[in-house]
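First the structure, in the form of structure tokens, and then the observations on it.
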2 protein chains.
Amino acid sequence: MRRDIFQAIADPTRRAIIALIAVQAMTPNAIAEHFETTRQAVSKHLRVLTECDLVKQEPRGREIYYLLEIDKMKEIDKWLEQFRKIWETRYGQLDQLLITLKKKK
Amino acid sequence: MRRDIFQAIADPTRRAIIALIAVQAMTPNAIAEHFETTRQAVSKHLRVLTECDLVKQEPRGREIYYLLEIDKMKEIDKWLEQFRKIWETRYGQLDQLLITLKKKK
DNA sequence: ACTTTGCGAAACCATTTAGTTGCGCTTATA
DNA sequence: TATAAGCGCAACTAAATGGTTTCGCAAAGT
């Protein structure tokens, strides 16, 4: 089963989980309490996130904390790079004015 | 059917299509020629991309050119913003958080 | 007009996916 | 030691997805 980051962030629940643990490492149960879903469902999402190295496990006693591998998020940023060049340099003449105005704000 | 950008870029072929037409607007046939797939398959991907406004149609005679809505790509960038803050302020100190939590115990 | 070409849309199939349920392992706690 | 709590994993179901094939429509060329 091929997993990559883009596939991982496609799911809104997973994006929410990512945002959650970005602030603070949490256990599956703690995460589940933030949503209207079961622990097992969360557990599955965490598995997907773990498989593509977006998330790391940290066992503490019988609890398992999950924390975000923030570096992995940079890969998305890296992919965006090619388009950032476009939206920064190649502006259509028609939009030029609009964008310029927005920037000045 | 719920469509959003993240779901759209989850597919590698769609990401490739996006990268293609980012450089230059193209017809479905032209796009299909760049991959090892049929026009219909590309057409389906274009439909998904169109549905979430990542791509725009531009009919020219009997041909339909597809062009990237570069502004829409910025939404991904916007989502990344919250994490960018993290990886800029808290470099390799992922363990910092762990230590803090441990102390609280 | 007739034919060709570029497309979208619908029907269909094989895979994948999200979510639930049940089970068993491991670590706390009484 | 017995019991409860936190988890992962496997099995199962319903729904979604990618891709192909077929059909029909519209624009160009003959």
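The structure displayed is predicted, hence computed values, not measured ones. So you know, we letter chains A, B, ... as the sequences are listed, proteins then strands, and number each from 1.
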Rounded distance (Å) that lies between atom C1' of C/dA18 and atom CD of A/E36: 17 Å
Any B/K56 side-chain heavy atom under 4.5 Å of B/T50 side chain: no
Nucleotide nearest A/A41 when distance is taken to its side chain, options D/dT21, D/dG19, C/dT20: C/dT20
Nearest-neighbour nucleotide for the B/K44 side chain, D/dA27, D/dG8, C/dA11 considered: C/dA11
Value in whole Å for how far the P atom of D/dG18 lies from CD1 of B/I17: 11 Å
Sugar-phosphate, base or nothing in reach of B/R14, heavy atoms under 4.0 Å: sugar-phosphate
Among D/dT21, D/dC7, C/dT20, the one nearest A/Q40 by side-chain distance: C/dT20
Reported CD1-to-CZ distance for the pair A/I17 and A/R14, which is rounded to 0.5 angstrom: 8.0 Å
salt_bridge(B/K74, B/D71) N-O dist < 4.0 Å: yes
B/T27, nearest nucleotide to its side chain (from C/dG19, D/dC7, C/dC7): C/dC7
d(CZ, B/R15; P, D/dG18) in whole Å: 12 Å
Residues B/D77 and B/K72 bridged, charged N to O under 4.0 Å: no
Short side-chain N/O contact to D/dT17 OP1/OP2 from B/H45, under 4.0 Å: no
Rounded distance (Å) that lies between atom C1' of C/dA18 and atom CD of B/Q7: 13 Å
Nearest to side-chain heavy atoms of A/P28, which nucleotide of C/dG8, D/dG19, D/dC7: D/dC7
Spatial distance of atom CZ (A/R39) from atom CD (A/E33) [nearest 0.5 Å]: 12.0 Å
Atom pair distance, as rounded to whole Å: CD1 in A/I31 and C1' in D/dC7: 12 Å
B/S43 side chain near C/dC7 phosphate (N/O to OP1/OP2, under 4.0 Å): no
For atom CZ of B/R60 and atom C1' of C/dT5, their distance in whole Å: 18 Å
C/dT20 phosphate, OP1 or OP2, under 4.0 Å from A/T38 side-chain N/O: yes
Distance test, side-chain N/O of A/N29 to OP1/OP2 of D/dC7, below 4.0 Å: yes
Spacing between A/E33 atom CD and D/dA5 atom P, to the nearest angstrom: 14 Å
Integer-rounded Å distance: C/dT16 C1' and A/E51 CD: 13 Å
side-chain N/O A/R62 vs C/dT29 OP1/OP2, d < 4.0 Å: no
